[in-house]
Amino acid sequence: MSAPDAATPTAADPAGFAERLLRWFDRHGRTQLPWQRDPTPYRVWVSEVMLQQTQVATVIPYFETFMARFATLQALAAAPQDEVLHLWTGLGYYARARNLQAAARQILERHGGEFPAALDDVLSLPGIGRSTAAAILALSKGERHAILDGNVKRVLARVFGIEGDPGSAEVLGRLWRQAEACTPPQRAAAYTQAIMDLGATLCSRARPACARCPMTALCVAARAGRQAELPGRKKRARRGRREATLLIAESGTAGSRAILLERRPSPGLWGGLWAPPQFASAEEALAWCRRELGEPAQALRLEPIEHAFTHFDLTLKPLKVRCARARAVREADRLWYELGAPPKVGLPQPIRRLIGLLAASAIA
DNA sequence: CATACGTGGGG
DNA sequence: TCCCCAAGTAT
């Protein structure tokens with residue numbers, strides 16, 4: 001039995017992997033990302049949660065604004081939920097924001113306001129799973145914990161030729177074992193950043209820059225010309241379609257126009273955010289309007305709003321009704337949203353656009 | 001194990 | 001137009 005090819009990394013001997021990666025990182029790694037400045041557990045935590053399923057370029061401005069307002073875990077815990085969601089508006093996956101604040105409050109109660117040091121305690125916080133917990137402890141404290149995000153999955157699947165759908169438990173298990181085997185005891189923070197950087201920059205999904213990659217000589221996919229086939233694809237169901245009628249109830253008050261919004265239930269789509277009441281049909285919307293707000297002075301159909309989600313397309317049909325204001329400005333789950341001086345609440349992206357159009361139409 | 005959860009960008 | 005994906009987690 002001959003000795004294994006020295007250039008071929010294996011799960012048993014992936015040492016060359018980390019060394020090559022770190023050497024590349026020292027020359028080409030990213031070091032100027034906002035959360036890399038003063039990488040406290042709190043700052044790294046917020047960044048990692050924002051970065052879940054979200055690209056770096058999208059996160060950066062949100063992170064800056066969020067940290068300016070909530071500089072500490074205590075500030076986040078003490079804030080009204082609406083303000084947290086307001087700063088999350090447009091970022092998506094709003095359960096992340098709700099969980100972030102819930103976790104901050106949990107840390108205050110159970111850990112005296114100090115971000116927990118033990119992996120199990122970190123893992124028990126809402127919104128923090130295995131990869132995020134590992135990333136926080138590795139990046140903020142240099143502890144050796146393997147991560148497995150989209151970047152790492154892609155790098156490992158290609159370099160080690162791990163076939164199959166990464167969504168399946170079996171392949172996921174192989175990827176985790178490989179990630180554990182590759183993570184070195186020394187320079188854990190740099191390594192963690194490095195493997196994400198490699199996946200995000202050179203080892204991209206569409207056009208990997210193998211010519212500049214430090215792994216090409218070892219890479220099973222590159223050596224076989226199979227970069228496009230790894231990692232395996234997850235077959236996804238065709239996108240469905242939903243539609244709803246939006247009741248845009250506009251108050252008749254001259255000089256201070258407002259529309260009625262309701263807090264959406266959580267969990268659920270846009271949970272905790274505010275949007276106009278939704279109905280299956282215009283008839284249902286009008287019936288509700290007469291019951292809750294009185295007979296509208298007029299009703300006007302506006303242009304439908306199309307919005308694409310990951311798994312479905314949503315068509316919102318706005319029905320604008322003019323009515324006399326009959327209720328308090330703010331209740332627990334209902335508010336009149338002033339177009340002039342709006343309260344700071346979370347708004348779904350399509351609703352934010354709609355409100356922008358309504359506000360502009362007043363000027364015309 | 002499959003599905004829900006947002007949004008913007010790329011091919 | 002349509003599919004895929006991006007620093008995943010919760011149920």
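Worth saying up front: this structure is predicted, and the values here are computed from it rather than measured. The sequence lines fix the lettering, A, B, ..., with proteins before strands; numbering per chain opens at 1.
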A:N151 CG - C:dA6 P separation (whole Å): 7 Å
With rounding to the closest Å, how many angstrom separate the [atom1] atoms on [N] and [M]?
| N | M | atom1 | answer |
| --- | --- | --- | --- |
| B:dG11 | C:dA7 | P | 15 Å |
| B:dG9 | C:dT9 | C1' | 23 Å |
| B:dC1 | C:dA6 | C1' | 23 Å |
| C:dT1 | B:dG6 | P | 25 Å |

A:Q106 to A:P126 - nearest heavy-atom pair and separation: OE1-CD, 3.5 Å
Where A:A77 and A:R105 come nearest, the two heavy atoms and their spacing: O-NE, 2.8 Å
[X] side chain N/O closer than 4.0 Å to the phosphate oxygens (OP1, OP2) of [N]?
| X | N | answer |
| --- | --- | --- |
| A:R154 | C:dA7 | yes |
| A:Q52 | C:dG8 | no |
| A:Y94 | B:dT7 | yes |
| A:T132 | C:dT9 | yes |

Minimum-distance nucleotide (side-chain atoms of A:F309 versus B:dG6, C:dA7, C:dC3): B:dG6
cation_pi(A:R239, A:F312) dist<6.0 Å, angle<=45: no
